[in-house]
Novice: 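Below you'll find the structure I mean.
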Amino acid sequence: MTTAESAASEAELPVPKAGVSIGSRPLDDDFKTVGNVRVNDARMSCTDVNVFYGEKHAIKHVDLDIGKNQVIAMIGPSGCGKSTFLRCLNRMNDTIDVCRVSGAIALDGQDIYDKKLDVVPLRAQVGMVFQKPNPFPKSIYDNIAYGPRIHGLAASRVELDEIVERSLTKAGLWDEVKDRLDQPGTGLSGGQQQRLCIARTIAVEPEVILMDEPCSALDPIATAKVEELIDELRENYTIAIVTHSMQQAARVSQRTAYFHLGHLVEVGETTEIFTNPRHKLTEDYITGRFG
Amino acid sequence: MNDATQNRRRAIDVVNASLKKRYAREARFRRIGLGAVVLGLVFVSVLFFDIVSKGYTAFVQTHIELEVFFDPAVIDPEGKRDMQEIARADFRKLVREPLRALFPEVKKRNEKRALDGMLSGGAPYQLLDMVRSDPSLIGQRRTIDLIADDDIDMLVKGHIDRNAPPSDRRVNDQVIGWVDTLTEQGRVKRKFNSGFFVNGDSREPELAGIGGAVAGSFYTLLVTLVLSFPIGVAAAVYLEEFAPKNRWTDLIEVNINNLAAVPSIVFGLLGLAMFINLFGLPRSAPLVGGLVLTLMTLPTIIIAARAALKSVPPSIREAALGVGASKMQTVFHHVVPLAMPGMLTGTIIGMAQALGETAPLLMIGMVAFIVDVPGGPLDPSTVLPVQVYLWADSPERAFVERTSAAIIVLLAFLIAMNTFAVIMRRRFERRW
């Protein structure tokens, strides 16, 4: 197909035929997100968030609410900025020297980019699970106990034991590891390690959990377990998950946000997004035309 | 389709044709590598064989067994048992007499002197020390192994050629005759040379030991370790984890790398100018030596520690930050412990370098002839490699074997340190 044809089809036909050419074209700077970015009971609320990596404008004018006790999935092609956006939510981007964030992100009405705000309590409130399982090279027990210890959440050893057991139970790992808590966490299988990392995150009792492609390094069975776990955690936590798998987004989330080259293109109820996408780019992506 | 099959066949033919050449290249590379390893091992074994074969005889020392009468008339004529008086007594007479009694035919003055000279200048002090520890010996007769002179030691050990013309050897035929007579009587004994390990330096090879140098090296390295490890690790952690990345930190990094390549003698001059002349610290002291060696080893430790910190995977930092650890907690709970094996390796390499360092210590006066074993880091002393340097300069044949023996001890310390480093590293790695 020639360029002229592709341009014509894009302009005239309701469903564009193909290609990379559509996906790689940036949207206008004054693009407005399709769908309702706000929800009634928002835990976190982002307004006009921009992220720059040096000269590169990685996130462009994103407004988004993250609803209480909901799972919001962020999808989009590689390099669209969904992970970058997620890392803004607990200021993990602070560790990257060239990274600059502007706009407002509020957790329960409190601006987390406020100069006076301490990132330590913020990260205790907004926990994070990473793409690759990254247990500390310590025992399973110490992996879970580390967070409660540094924050002083347990007054006694007994209390700490309880926290460890509760966290591992919630992460569905207790029965598998209860007899070998003193063995290194790095000796577990990939799926177990990831659930250990989730247990470590919930051990400090955060309010929001951010998950950056938590299943991309896992096999389908381990993935299913983690997805089940995410669904259970929703009762008590607010979860934002970045995923490459649209099936996963459809399975675990209530709302879905589609990112495209730094823009938040469309947000909506997950069922709506997957059955009736309103923006052409969203539709192309979820139907597998590019990505 | 046909074309494709033909192409594929041609490709595999080309692959097959090139195989032989590839394997030959690999075999050649392996042989070169093996050759390099073998060559290195040959040089090391030649070095070790040479040093050990020259040095092992220094670990035994020739003694002459004599029956000594602790004559009260010589030691303590007034019978007061006053140790200060006794120390001034003529113990040389006591060691002279039993030897002269064995060879009554010796009458001439110069012959008598040659006979007396068969015993070491340290032999009278052997007796003095015995009396000091047990005054009841006075008035008794005892059979004692007295230290022989270094020339006799060399003769007994076979380092002096008996067939050489008399003018070319340090012992004349008459002395050789006496030694043979004593040997026949079973009075010449070769005993383990414990004095070599505990004595300080001496002009007399048979009395010289590395005790002073070992103690000096110990205090010097102690000061170096106590200063350079914490400073080096702290500097590395700050530069790697906390310092802003700007032109100043770049400048510091360049300077640290430069310092690592500065000739060590320059650090010696700096130490002389700063620590001794400006701060007025004592000359020849292990404290100053340790300070100078700290300056020298710091760049090594900082560079190794930074490399170790860099190699800690960022995922561990993110994990710690993710559960709400502060920067400081992340660094000290996770990053530093993981980098510790690398830091220790760097430190031990730096310390091994410091143990073998000579040039900067010459500048701060640790090359002085010091007889006493230092009792602390402020006493004047020397160190092992400088002791080797000093003895290697001495003309006496007996110092040759002592030089080699001192090198053996130095190498033993180095091997022990490196083994310790490996064990420490293993232990740390197992824990994590």
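Just so it is clear: chains get the letters A, B, ... in the order the sequence lines come, proteins before strands, and each one is counted from 1.
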Novice: Hey, what do you get for NZ (A:Lys132) to CD (B:Glu318), rounding to the nearest 0.5 Å?
Specialist: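 One gets 11.0 Å once the value is rounded to the nearest 0.5 Å.
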Novice: Could you check A:Val120 against B:Gln329 for side chain to side chain contact (heavy atoms under 4.5 Å, CB included), going step by step and ending with a plain yes or no?
Specialist: CA-CA 11 Å; A:Val120 168; B:Gln329 286 169 327; 5.5 Å; no
Novice: Based on non-hydrogen pairs under 4.5 Å, which of B:Ser315, B:Pro244, B:Ala319 is most in contact with chain A?
Specialist: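 The residue among B:Ser315, B:Pro244, B:Ala319 with the greatest pair count is B:Ala319.
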Novice: Determine the minimum heavy-atom distance between A:Pro135 and B:Ile316, stating which atoms define it.
Specialist: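 What the structure gives for the nearest pair is O-CD1, 3.7 Å.
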Novice: Could you give the distance from CE (A:Met92) to CG (B:Leu321), rounded to the nearest 0.5 Å?
Specialist: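 With rounding to 0.5 Å, CE (A:Met92) is 4.5 Å from CG (B:Leu321).
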Novice: Around B:Phe413, counting heavy atoms of other residues, nucleotides and ligands shown, do more than 12 lie under 6.0 Å from its CZ?
Specialist: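 Counting other residues, nucleotides and ligands, CZ of B:Phe413 stays at 12 neighbours or fewer.
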Novice: In residues 179-214 of chain A, which residues are in contact with chain B at a heavy-atom separation under 4.5 Å?
Specialist: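 Contacts with chain B: A:Arg200, A:Val204.
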Novice: So for atom CZ, which belongs to B:Phe43, do other residues, nucleotides or ligands contribute more than 12 heavy atoms lying within a distance under 6.0 Å?
Specialist: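 Check fails, neighbour count at 12 or below.
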Novice: Other residues, nucleotides and ligands only: do more than 12 of their heavy atoms fall within 6.0 Å of CZ on B:Phe218?
Specialist: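 It does not: B:Phe218 CZ has 12 such atoms or fewer within range.
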Novice: Are B:His334 and A:Tyr146, when compared by the centres of their aromatic rings, separated by less than 6.0 Å?
Specialist: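 Yes, the ring centres sit under 6.0 Å apart.
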Novice: So for A:Arg149, is it side chain, backbone, both, or neither that comes closer than 4.5 Å to the heavy atoms of chain B?
Specialist: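 Neither; nothing under 4.5 Å.
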Novice: Indicate yes or no: at least one non-hydrogen side-chain atom of A:Asp118 is less than 4.5 angstrom from one of B:Ser326.
Specialist: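 A:Asp118 vs B:Ser326: side chains apart.
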Novice: Could you grab the distance from atom NZ of B:Lys327 to atom CG of A:Asp94, nearest 0.5 Å is fine?
Specialist: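 The CG atom of A:Asp94 is 10.5 Å from NZ of B:Lys327, to the nearest 0.5 Å.
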Novice: Distance check, rounded to the nearest 0.5 Å: B:Arg317 atom CZ versus A:Asn134 atom CG?
Specialist: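 One gets 12.5 Å once the value is rounded to the nearest 0.5 Å.
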